[in-house]
J.: 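Sending over a structure as structure tokens; questions will come in a sec.
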Amino acid sequence: MSKGMEELIDMEKKEIALKMLEDGKLQKEDVARYFGFTMDQVEELAESLAVQV
């Protein structure tokens with residue numbers, strides 16, 4: 001898979017994870033497990049939501 005395609009998939013995964021965090025229906029641990037993110041990555045996404053609001 002090309003580097004560009006991998007980056008696009010990563011962006012999509014982050015956007016979907018952000019929506020899931022925003023809905024608040026899943027725990028951060030679940031989002032990390034479903035998307036293969038570390039807890040640090042999920043925390044960064046959650047913090048970016050706080051900044052956007």
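From a predicted model like this one, the values you see are computed outputs, not experimental measurements.
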J.: Is the CD atom of Gln27 crowded by more than 12 outside heavy atoms at less than 6.0 Å?
T.: no
J.: Under 4.5 Å between side-chain heavy atoms, counting indirect links through other Ile/Leu/Val/Met/Phe/Trp/Tyr residues: same cluster for Val42 and Ile16 or not?
T.: yes
J.: Write out all pairs satisfying salt bridge (charged side-chain N to carboxylate O under 4.0 Å, His left out) with one or both partners inside residues 29-38, taking only residues at least two apart or from two chains.
T.: Asp30-Arg33
J.: Which residues satisfy the salt bridge (Lys or Arg N to Asp or Glu O under 4.0 Å) test with Asp10, sequence neighbours excluded?
T.: none
J.: Report the distance from atom CE of Met20 to atom CG of Leu26, rounding to the nearest 0.5 Å.
T.: 4.5 Å
J.: According to ring pair (Phe, Tyr, Trp, His ring centres under 6.0 Å), who are the partners of Tyr34, at least two apart in sequence or on a separate chain?
T.: none
J.: To the nearest 0.5 Å, how far apart are CD in Glu12 and CD in Glu15?
T.: 5.0 Å
J.: Please list, chain by chain and in numerical order, all residues satisfying side-chain hydrogen bond (donor to acceptor under 3.5 Å, both in side chains) with Gln41, sequence neighbours excluded.
T.: Thr38
J.: I need the Lys13 NZ to Ile9 CD1 distance, nearest 0.5 Å.
T.: 8.5 Å
J.: Listed by chain and number, what are the side chain to side chain contact (heavy atoms under 4.5 Å, CB included) partners of Ala17, not counting sequence neighbours?
T.: Val31, Phe35, Phe37, Leu45
J.: Quick one: side-chain hydrogen bond (donor to acceptor under 3.5 Å, both in side chains) partners of Lys28, sequence neighbours excluded?
T.: Glu43
